[in-house]
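We number each residue from 1, following the sequence as shown. For ligands, and for the atoms within them, numbers begin at 1 and follow the listed sequence.
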Amino acid sequence: MKIVLERSIVRSWRGSDADALVKYANNRKIWLNLRDRFPHPYTKRDARDFLLSITSRVPETAFAIEVDEEAVGGIGFVPQQDVERVSAEIGYWLAEPFWGRGITTEALVAVTRYAIDTHGLTRVYAVPFAYNTASCRVLEKAGYVLEGRLKRSAIKDGVLIDQCQYAFTSPVDPPRAGSRG
Ligand SMILES: CC(C)(COP(=O)(O)OP(=O)(O)OC[C@H]1O[C@@H](n2cnc3c(N)ncnc32)[C@H](O)[C@@H]1OP(=O)(O)O)[C@@H](O)C(=O)NCCC(=O)NCCS
């Protein structure tokens, strides 16, 4: 997969992205805003394991954000199951030196569209930590709507926190919206 944007290229991960991943993902400021399954410290082994698992996964739902021929971030979505198979959760991170240039907003708009179009979705949602004002802003700029605040719903770095639920919904019925009952 490859989507060429104005500020970046969103593309499939490659085995050769391991060094860039370690360089940029090994950042506590990034880890503090992500689920605990995102490792910290982020080692070469973590990078290799991630790339091995991701490059063999079908369908492909996790992508690198490339700037100047280097992978500087990640964006991906998780299609939901059963009656929620028309929904997916999206997540993303970007290397700190590249923050504030509109790179993630542009990538989020593109991958939201891609997820809806290729997976027949009606809803893509994200659940940033409430203190993550930058991510909330990115979601709003990309057309996501704040649906609610999930009070005391998560624990990060030993602290109980609120999360915000944002969603982008498509009014178009997907081809496989019918009942499977
Ligand atoms: C959140 C993150 C992805 C944003 O990426 P980015 O490419 O810098 O985002 P953009 O440049 O597209 O937009 C950032 C917006 O947030 C705003 N912003 C940044 N820090 C902010 C802060 N502390 N308070 C309020 N707004 C802030 C910027 O001003 C900008 O809005 P604007 O265009 O209206 O000025 C990046 O900071 C990151 O990777 N953080 C760590 C991981 C993470 O939080 N992932 C998301 C988990 S839900």
Side-chain angles (χ1 to χ4, degrees), residues 3-11 13 17-43 46-47 50-51 54 61-80 87-116 121 123-169:
I3 307 174
V4 179
L5 301 169
E6 204 176 302
R7 297 169 180 81
S8 74
I9 296 172
V10 175
R11 59 144 171 93
W13 285 103
D17 290 325
D19 288 343
L21 252 181
V22 177
K23 176 160 100 181
Y24 293 125
N26 187 31
N27 181 339
R28 188 173 158 80
K29 289 189 204 163
I30 290 177
W31 173 82
L32 266 178
N33 289 294
L34 298 178
R35 296 221 164 103
D36 284 345
R37 67 169 173 259
F38 192 87
H40 188 75
Y42 200 106
T43 65
D46 293 319
F50 168 74
L51 292 169
I54 217 69
T61 57
F63 309 101
I65 301 173
E66 178 186 300
V67 176
D68 294 338
E69 297 178 14
E70 194 177 34
V72 300
I75 184 163
F77 56 93
V78 181
Q80 302 297 294
S87 296
E89 180 177 4
I90 198 159
Y92 42 82
W93 65 272
L94 189 73
E96 191 173 357
F98 300 88
W99 289 358
R101 301 188 199 172
I103 292 171
T104 305
T105 302
E106 189 188 45
L108 179 60
V109 169
V111 176
T112 301
R113 188 78 266 153
Y114 174 88
I116 288 171
L121 304 177
R123 173 185 169 85
V124 182
Y125 66 93
V127 194
F129 302 155
Y131 59 64
N132 193 349
T133 37
S135 185
C136 294
R137 180 79 191 115
V138 164
L139 288 159
E140 280 159 16
K141 287 196 295 177
Y144 282 65
V145 174
L146 176 63
E147 296 182 322
R149 188 173 179 114
L150 313 178
K151 290 193 175 170
R152 294 168 64 79
S153 57
I155 185 160
K156 184 70 188 183
D157 201 27
V159 181
L160 267 170
I161 54 170
D162 297 353
Q163 298 181 100
C164 290
Q165 175 135 329
Y166 281 87
F168 184 100
T169 50

Only heavy atoms count here, so choose which of [options] is nearest to [atom].
atom                    : options                      : value
atom 11 (O) of ligand 1 : Gly102, Gly74, Gly73, Ala142 : Gly102
atom 37 (O) of ligand 1 : Phe98, Tyr166, Tyr24, Trp99  : Trp99
atom 45 (N) of ligand 1 : Tyr92, Trp31, Trp93          : Tyr92

Between [X] and ligand 1, which residue portion shows a heavy-atom distance shorter than 4.0 Å: side chain, backbone, both, or neither?
X      : result
Val127 : neither
Phe129 : neither
Val138 : side chain

Given the protein's heavy atoms, is any one of them under 4.0 Å from atom 4 (C) of ligand 1?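 Yes; the ligand atom in question has protein heavy-atom contact below 4.0 Å.
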Sub-4.0 Å protein heavy atom near atom 29 (O) of ligand 1: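 It does not: no protein heavy atom is found less than 4.0 Å away from atom 29 (O) of ligand 1.
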Less than 3.5 Å between some nitrogen or oxygen of [X] and one of ligand 1, yes or no?
X      : value
Leu94  : yes
Lys29  : no
Gly100 : yes

Under a 3.5 Å threshold, yes or no: a donor from one side chain and an acceptor from the other, between [X] and [Y]?
X      : Y      : result
Ser135 : Tyr166 : no
Thr112 : Tyr144 : yes
Glu147 : Tyr125 : no
Ser153 : Gln163 : yes

In this structure, does ligand 1 have an atom that sits under 4.0 Å from one of the heavy atoms of Lys141? yes
Using a 4.0 Å cut-off to any heavy atom of Thr105, which atoms of ligand 1 qualify?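 Taking each heavy atom of Thr105 in turn, ligand 1 has 10 (P), 12 (O), 13 (O) under 4.0 Å.
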Distance from Arg123 atom CZ to Glu89 atom CD, nearest 0.5 Å? 10.5 Å
Let me confirm one number: the OH-CG distance from Tyr92 to Leu139, rounded to the nearest 0.5 Å. 3.5 Å
Cation-aromatic face contact Lys156/Trp31, 6.0 Å, 45 degrees: yes
Parallel, tilted or perpendicular: which fits the ring planes of Tyr114 and Phe63, with parallel below 30° and perpendicular above 60°?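 Perpendicular.
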